Student: 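Got a structure here, written out as structure tokens. Questions coming.
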Amino acid sequence: MDDIEDDNPDWSDFPAEPLDYAAKLKATRARLTASQADFAALLQIPTATLRNWEQHRTKPDALGLTMIDLVYDDPEGMAERLRGKRGA
């Protein structure tokens, strides 16, 4: 039994790849429990654009990438700010 490989290795020292924009969008939507349509409305972009970004069909421009990073870093805070801007 000692010669069996560990099927649950310690991955804590394994260097993880940083999330790309699509993974950040999906993770942020999950954290906010928002549909694609609701999240796209929050970002004030077409739902098709968000869908294309999440599926790597198209890549956001520099401004879009910056917005994704900002929302990913503080989903709840940015959602509150974006909702407040629309009400003002």
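Computed from a prediction, not measured in an experiment: that's the story for all the values here.
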Student: State, to 0.1 Å, how close Thr28 and Pro75 come at their nearest heavy-atom pair, and which atoms those are.
Tutor: CG2-CB, 3.9 Å
Student: Taking side chain to side chain donor-acceptor pair (under 3.5 Å) as the test, write out the residues that go with Thr66, two or more places apart.
Tutor: none
Student: Determine whether a donor-acceptor pair (N or O, by modelled atom type, separation under 3.5 Å) exists between the side chain of Asn52 and the backbone of Ala48.
Tutor: yes
Student: What is the distance from atom CD of Gln55 to atom CG of Leu25, rounded to the nearest 0.5 Å?
Tutor: 11.5 Å
Student: Listed by chain and number, what are the side chain to side chain donor-acceptor pair (under 3.5 Å) partners of Glu80, not counting sequence neighbours?
Tutor: none
Student: Going hydrophobic residue to hydrophobic residue with side-chain gaps under 4.5 angstrom, can you get from Leu82 over to Leu70?
Tutor: yes
Student: Return each pair, listed once, that meets salt bridge (charged side-chain N to carboxylate O under 4.0 Å, His left out) where at least one residue sits in residues 53-65; pairs must be two or more places apart or across chains.
Tutor: Arg29-Glu54
Student: For the atom pair CG (Leu32) and CG (Leu42), what is the distance rounded to the nearest 0.5 Å?
Tutor: 7.5 Å
Student: Give every residue pair that meets the ring pair (Phe, Tyr, Trp, His ring centres under 6.0 Å) criterion with at least one member in residues 61-84, sequence neighbours excluded.
Tutor: none
Student: Please list, chain by chain and in numerical order, all residues satisfying side chain to side chain contact (heavy atoms under 4.5 Å, CB included) with Ala37, sequence neighbours excluded.
Tutor: Ser35, Thr47
Student: For residues 19-59, which residue pairs pass the ring pair (Phe, Tyr, Trp, His ring centres under 6.0 Å) check, not counting sequence neighbours?
Tutor: Tyr21-His56
Student: Keeping to residues at least two apart or across chains, list the salt bridge (charged side-chain N to carboxylate O under 4.0 Å, His left out) pairs with something in residues 63-77.
Tutor: Lys24-Asp69, Arg31-Glu76, Asp74-Arg81
